[in-house]
There are 2 protein chains.
Amino acid sequence: MNTVAGERETPIYAAIAHPARRRLLDLLAEGDRSVKALAAPFAMSRPAVSQHLKILLDAGLVSERRAGRERLYRLRAERLREVQVWLSRYERFWHDHLAKLGRYLEEEP
Amino acid sequence: MNTVAGERETPIYAAIAHPARRRLLDLLAEGDRSVKALAAPFAMSRPAVSQHLKILLDAGLVSERRAGRERLYRLRAERLREVQVWLSRYERFWHDHLAKLGRYLEEEP
DNA sequence: TTGACTGGTAAGTCATAGCTTACGTATCAT
DNA sequence: ATGATACGTAAGCTATGACTTACCAGTCAA
């Protein structure tokens, strides 16, 4: 059993694994929002939403600034690019018809 | 506190949240592999890899077929498209940044 | 048939994710 | 100054994710 080298973990994939956090990002894509505004559509408590926001914050997917007694969260979508880059290695599987044909020929010798 | 409607959860995001499972997909992108071959690069036990494979299987990201005493796993990359579609809503954020950067560089030679 | 492989699954442990309520702090309005 | 608002965080609970070892069944080779 050999070890996989350079296994440094990105918190981004775990951050977007939860549907509530993806929804939060979706809301923030429309513009900066306060915690209250972000929590409104959810059935869960506001502290729960705060905890989700912290996870997004730690992953660098959002930033926060204070405005009076509110805290406004802002989307940092650039961090999602890492995921897109990883996904791009698989694009050929649904874009490239030749690849499909190649795989078909492989399974039918 | 209103409820978010239609909160149907996809197992795909959770499936790709674990680095070992992303690595397994990466390995399978090179071609079909037996469990033994897939487990080789990992420090964890083979049953652990089997359990990861089951999660990928349940998410529809891989399929399995039997060949003698081996089980060959095959990538089903099309299922990743769902993630790419979600990500595409954020592409403009870094495309905008790049466009701005490009214009800035043109103005300041 | 016997023994070596391949690989799934059960059982058990440990850590942590995800929620709740309770509380503290800063800000604003009156 | 007082009370209401916005929010973070601590504490505690439960469920589950991620591993391990032990065991089982199926396949192949001698």
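So you know, we letter chains A, B, ... as the sequences are listed, proteins then strands, and number each from 1. Owing to the predicted nature of the structure, the values given are computational and were not obtained by experimental measurement.
Distance A:Leu53 CG to D:dC7 P: 10 Å, rounded to the nearest Å. Distance CZ (B:Arg71) to P (C:dG8): 5 Å, rounded to an integer number of Å. Rounded to whole angstrom, the span from the CG atom of B:Leu38 across to the P atom of C:dG7 amounts to 9 Å. Between B:Ile16 atom CD1 and D:dG17 atom P the separation is 16 Å, expressed in whole Å. We find that CD of A:Glu70 is positioned 11 Å from P of D:dG8, with the value rounded to whole Å. One atom, NZ of A:Lys36, and another, C1' of D:dA6, lie 8 Å apart when rounded to the nearest Å. For the pair B:Arg33 CZ and C:dG7 C1', the interatomic distance rounds to 18 Å; values are reported in whole Å. One can place CG of B:Leu72 at 13 Å from P of C:dT6, the figure rounded to the nearest angstrom.
DNA chain D lies under 4.0 Å from at least one heavy atom of each of the following residues of residues 62-69 of chain B: B:Gly68, B:Arg69.
Without hydrogens or angle criteria, A:Tyr90 side chain to B:Arg76 main chain gives no donor-acceptor distance under 3.5 Å. One N or O on the side chain of A:Arg79 and one on the backbone of A:Ala59 form a donor-acceptor pair closer than 3.5 Å. For B:Arg33 (side chain) and B:Ala39 (main-chain N/O), no donor-acceptor pair under 3.5 Å exists by modelled atom type. Here the side chain of A:Arg21 pairs no donor or acceptor atom with the backbone of A:Ile16 at under 3.5 angstrom.
In this structure, B:His18 and B:His52 have tilted ring planes: the angle between them lies in the 30° to 60° band.
OP1 and OP2 of D:dA6 both lie 4.0 Å or more from every side-chain N or O belonging to A:Tyr73.
The structure places CG of B:Leu57 at 6.5 Å from NZ of B:Lys54, a figure rounded to the nearest 0.5 Å. Going from atom CG of A:Leu87 over to atom CG of A:Leu80 covers 10.5 Å, rounded to the nearest 0.5 Å. Note that CZ of A:Arg65 and CZ of A:Arg74 are 5.0 Å apart. Values are rounded to the nearest 0.5 Å.
With sequence neighbours excluded, the residues forming a side-chain contact (heavy atoms from CB on, under 4.5 Å) with A:Leu27 are A:Arg23, A:Leu38, A:Pro41, A:Phe42, listed by chain and number.
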Name the pairs: protein N/O against N/O of nucleotides 18-20 of chain C, kept only if under 3.5 Å.
residue, atom, partner, partner atom, Å
C:dG18, OP2, A:Arg21, NH1, 3.0
C:dC19, OP2, A:His52, NE2, 2.3
C:dT20, OP2, A:Ser45, N, 3.0
C:dT20, OP2, A:Ser45, OG, 2.6
C:dT20, O4, A:Gln51, NE2, 3.0

